[in-house]
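This chain uses plain numbering: 1 for the first residue, then up along the sequence.
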Amino acid sequence: MSFFIISQILVGLAALFDIASFQFTNRKTLLLTLSISALLIAAHFALLEQWTAACLLVIGASRYFAGIFISDPRMKWLFYLVTVLGTILTFNGITSVLSCIASLFHTKASFMHNDKLMRWLMVLGTVVWGAHDIIVGSPVAVLIDMLFIISSAIGYYRIYIKNTEVIAQQSSRY
């Protein structure tokens, strides 16, 4: 089996964690699933020899995991620094720039106290990752980016919009 096929299988497994992640209302559970997904995607990019993406996803997995225990927004500065350093050390053109920008969005999101804004920043970062994944030619990674965005929209609707509609309907009955 080729490294490409193995990489696509790994990113496919990551998709399961991504799809599940934004269906959780518990922030810690959401961050844990994103951490596992990021490690699987990092391995995927290592197999594709996309070193900036692999490096930044290991940093991302660490960031998500740290976010479970540390919500101090000042920690994001450490992860911003490590992300930029990782990008510089593994720089390889536009794909490095895109993965850095995406990682910076996800870093900001990881330390947000506002759950709604966190979810929007995660989607923005994922859109940038999607552009990166198209350029590096990973079809399953592009697919999981799309699924993550769709899952995020469903989770956002289910948690914020549908619940508001139900509350409004219940209030109008009384």
Run the side chain to side chain contact (heavy atoms under 4.5 Å, CB included) test on S138 and L48 for me, step by step, so that the C-alpha distance in whole Å, both residues' side-chain angles and the decisive distance to 0.1 Å come before the verdict. CA-CA 9 Å; S138 180; L48 296 177; 4.1 Å; yes

Please give me the minimum heavy-atom distance between M118 and A109, naming the atom from each residue. CG-O, 3.0 Å

CD1 of I68 to OH of Y64: how many Å apart, nearest 0.5 Å? 11.5 Å

Throw together a table of side-chain donor-acceptor distances under 3.5 angstrom for residues 121-132, partners on residues two or more places apart or in other chains.
{"residue": "T126", "atom": "OG1", "partner": "H106", "partner atom": "NE2", "Å": "3.4"}
{"residue": "T126", "atom": "OG1", "partner": "M122", "partner atom": "O", "Å": "2.8"}

Nearest heavy atoms of F24 and T33, plus distance in Å: CE1-CG2, 3.6 Å

Heavy atoms, side chains only, cut-off 4.5 Å: are W51 and E49 in contact? yes

Side chain proximity check, V82 to R63, heavy atoms < 4.5 angstrom: no

For F105, enumerate each residue passing the ring pair (Phe, Tyr, Trp, His ring centres under 6.0 Å) test, keeping only those at least two apart in sequence or located in another chain. none

Applying the 4.5 Å side-chain criterion to the ILVMFWY set and letting contacts propagate, would L40 and I5 be lumped into a single cluster? yes

Got a sec, which residues hit side-chain hydrogen bond (donor to acceptor under 3.5 Å, both in side chains) with T29, two or more places apart in sequence or on another chain? N26

How close do T83 and S103 get, heavy atom to heavy atom, and via which atoms? CG2-CB, 3.7 Å

Atom CG of L56 and atom CD1 of I41: how far apart are they, to the nearest 0.5 Å? 12.5 Å

With H44, which of L57, I9, V11 fulfils side chain to side chain contact (heavy atoms under 4.5 Å, CB included)? V11

Under the side-chain hydrogen bond (donor to acceptor under 3.5 Å, both in side chains) test, residues paired with T90 that sit two or more places apart: T52

Before you tell me yes or no, could you show the steps for F148 and L34 under side chain to side chain contact (heavy atoms under 4.5 Å, CB included), namely the whole-Å CA-CA distance, both residues' side-chain angles and the distance that decides it to 0.1 Å? CA-CA 11 Å; F148 182 84; L34 289 176; 3.8 Å; yes

Under 30°, 30 to 60°, or over 60°: which ring-plane class applies to Y160 and Y156, parallel, tilted or perpendicular? tilted

Mind checking what makes side-chain contact (heavy atoms from CB on, under 4.5 Å) contact with I135, not counting sequence neighbours? I94, T95, L98

Are D133 and I144 side-chain neighbours, meaning at least one heavy-atom pair lies under 4.5 Å? no

What are the two closest heavy atoms between G67 and F111, and how far apart are they? CA-CE2, 4.4 Å

Report the residues that fulfil side-chain contact (heavy atoms from CB on, under 4.5 Å) with F91, sequence neighbours left out, ordered by chain and then residue number. T87, S96, V97

Could you pull out all residues at least two apart from F3 that satisfy ring pair (Phe, Tyr, Trp, His ring centres under 6.0 Å)? none

For residues I70 and L31: do they belong to one hydrophobic cluster (side chain heavy atoms under 4.5 Å, members Ile, Leu, Val, Met, Phe, Trp, Tyr)? yes

Partner set under side-chain contact (heavy atoms from CB on, under 4.5 Å) for L147, not counting sequence neighbours: I19, L143

Going only through I, L, V, M, F, W and Y residues with side-chain contacts under 4.5 Å, is there a path from W77 to I88? no

Sorted by first residue and then second, give each salt bridge (charged side-chain N to carboxylate O under 4.0 Å, His left out) pair with at least one member in residues 74-93; sequence neighbours left out. D72-R74

Please list, chain by chain and in numerical order, all residues satisfying side-chain hydrogen bond (donor to acceptor under 3.5 Å, both in side chains) with S37, sequence neighbours excluded. D18

Side-chain touch L32/K28, heavy atoms, less than 4.5 angstrom: no

Inter-residue atom distance I36.CD1 - F17.CZ, 0.5 Å rounding: 4.5 Å

Say whether, by atom type as modelled, one donor and one acceptor occur between the side chain of S7 and the main chain of F4 under 3.5 angstrom. yes

Partner set under side-chain contact (heavy atoms from CB on, under 4.5 Å) for A61, not counting sequence neighbours: S35, A38, L39

What about L85 and M75, same hydrophobic cluster or not, with Ile/Leu/Val/Met/Phe/Trp/Tyr joined at side-chain heavy-atom distances under 4.5 Å? no

Is there a chain of hydrophobic side chains (I, L, V, M, F, W, Y, each step under 4.5 Å between heavy atoms) that links I101 to F79? yes

Closest non-hydrogen atoms of V140 and Q8, given as atom of the first, atom of the second and distance, are N-OE1, 3.0 Å

Quick one: which residue pairs count as a salt bridge (charged side-chain N to carboxylate O under 4.0 Å, His left out) with a foot in residues 98-118, not counting sequence neighbours? D115-R119

For residues Y80 and L104, determine if any side-chain heavy atom of one lies less than 4.5 Å from a side-chain heavy atom of the other. yes

